[in-house]
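Below is one structure, written out as structure tokens, with a few remarks after it.
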Amino acid sequence: MKKIVLIFVLLWSCGMYAQNDTIPGEAEYRKHYDCRYEEGNILVVQKKGKTLDYATSWGVGNAGFVIRMEAIYDLEFANGKRYRSGVIKNITTDSISISTTMNANCAEYEGIPYKIDTYALQDIKIARFVNDASLGLFTKKKIDKDYELVVQKVPKAKLCPALLTFPKRNNEIKVCHYILTKQGYSILYETNGFLDYMEYPVTWN
């Protein structure tokens, strides 16, 4: 599929797991978080009259963006509910499932239940993308009549989380999700329920 150029040395020398802050190692990750690059659906959110190539679209552009399973997006739905760090758990031909936040630790920290909610695709109304996390600046896109939502079946649908070791934190191992920001995908990780962005860029070839 695509190769992650994350200064890949960081994967085992740098700095989430579905339920825990840190995990003992890759074997535990595979035991509890078995994410595989399998066939499945992605959701192409594209401006009408434009054609977005999912294979090369790894950011947010004038033509739109792509929503992939197991990655994080900031979405607001027709009922007014906003998911600031929701993991996309499933995409069907007419619905999308999203977690209330990244994991159970985050939910406890935020004082909300950790659960998976499912919406009709047409209920997606607003997508927000971080411009500057430290300043709380976002770019907002209204998903209205100018956009069309195209579900596409692809050979490798999920954007599986990265397993990273943090040597400055006694070699803690975390499962870190990808989040779509205005600049493209970044890595989001959790410490005792608090979410933070890794400062290293993620590019896709």
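- Residue Glu108 qualifies as open at atom CD: its count of foreign heavy atoms under 6.0 Å is 12 or below.
- A 6.0 Å sphere centred on CG of Asn79 holds more than 12 heavy atoms belonging to other residues, nucleotides or ligands.
- Other residues, nucleotides and ligands place no more than 12 heavy atoms under 6.0 Å from the CZ atom of Arg84.
- For the residue pair Asn105 and Tyr114, no side-chain donor N or O sits within less than 3.5 Å of a side-chain acceptor on the partner.
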>> As a quick check of understanding, evaluate side chain to side chain contact (heavy atoms under 4.5 Å, CB included) for Val45 and Val66, giving each step before the final call.
In response: CA-CA 6 Å; Val45 183; Val66 177; over 6 Å; no

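- Using a 30° and 60° split on the angle between ring planes, Phe166 and Tyr189 fall in the tilted class, from 30° to 60°.
- In terms of hydrophobic clustering, with Ile, Leu, Val, Met, Phe, Trp and Tyr side chains grouped at heavy-atom distances under 4.5 Å, Leu188 and Tyr109 are assigned to different clusters.
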>> side chain to side chain contact (heavy atoms under 4.5 Å, CB included) for Ile143 and Ile126? Distances and angles first, verdict last.
In response: CA-CA 5 Å; Ile143 314 303; Ile126 296 173; 5.9 Å; no

>> For a side chain to side chain contact (heavy atoms under 4.5 Å, CB included) check, start with the C-alpha distance between Ile67 and Leu75, then their side-chain angles and the critical distance, and finish with the verdict.
In response: CA-CA 10 Å; Ile67 294 178; Leu75 300 178; 4.2 Å; yes

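- Counting only distance, with no hydrogens or angles, the side chain of Ser99 and the backbone of Val87 share a donor-acceptor pair below 3.5 Å.
- Ring centroids of Phe129 and Tyr73 are separated by 6.0 Å or more, keeping the two rings apart.
- Shortest non-hydrogen contact noted between Gln183 and Val130 is OE1-O, 3.5 Å.
- Using modelled atom types, one finds a donor on one side chain and an acceptor on the other under 3.5 Å when comparing Ser85 with Thr101.
- Within a 6.0 Å radius of NZ in Lys182, no more than 12 heavy atoms belonging to other residues, nucleotides or ligands are found.
- Across all their heavy atoms, Val44 and Tyr54 have their closest contact at CG2-CB, 4.4 Å.
- Under the 4.5 Å side-chain criterion, counting only non-hydrogen atoms from C-beta, Lys47 is not in contact with Leu52.
- Counting heavy-atom neighbours within 6.0 Å of Lys81 NZ, excluding the residue itself, gives a total above 12.
- Of the charged side-chain nitrogens involved, none lies within less than 4.0 Å of a carboxylate oxygen, so that Lys140 and Glu76 do not count as a salt-bridged pair.
- Heavy-atom minimum distance, Phe65 versus Ala127: CZ-CB, 3.7 Å.
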>> As a quick check of understanding, evaluate side chain to side chain contact (heavy atoms under 4.5 Å, CB included) for Tyr83 and Asp117, giving each step before the final call.
In response: CA-CA 10 Å; Tyr83 298 73; Asp117 294 331; 2.6 Å; yes

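- Using modelled atom types and a 3.5 Å distance limit, the side chains of Asn103 and Glu190 yield a donor-acceptor pair.
- Note on Ile72: it clusters hydrophobically with Tyr197, by side-chain heavy-atom contacts below 4.5 Å among ILVMFWY residues.
- Here the side chain of Thr181 pairs a donor or acceptor atom with the backbone of Gly184 at under 3.5 angstrom.
- With hydrogens and angles disregarded, a donor-acceptor distance shorter than 3.5 Å links the side chain of Lys48 to the backbone of Lys145.
- Looking only at distances, no side-chain donor or acceptor of Asn170 sits under 3.5 Å from a matching main-chain atom of Glu172.
- A search for side-chain hydrogen bond (donor to acceptor under 3.5 Å, both in side chains) contacts involving Asp94 returns Thr92, not counting sequence neighbours.
- Contact check on Asp74 versus Arg82 returns a salt bridge, with a Lys/Arg side-chain nitrogen under 4.0 Å from an Asp/Glu carboxylate oxygen.
- Between Gln46 and Glu148, the closest side-chain pair of non-hydrogen atoms falls below 4.5 Å.
- In this structure, Lys125 does not pair ionically with Asp123, as no charged nitrogen and carboxylate oxygen lie closer than 4.0 Å.
- Side chain of Ser97 to main chain of Lys89: no donor-acceptor pair is present (N/O by atom type, distance under 3.5 Å, no hydrogens or angles).
- Smallest separation of non-hydrogen atoms from Pro161 and His177: CG-CE1, 3.5 Å.
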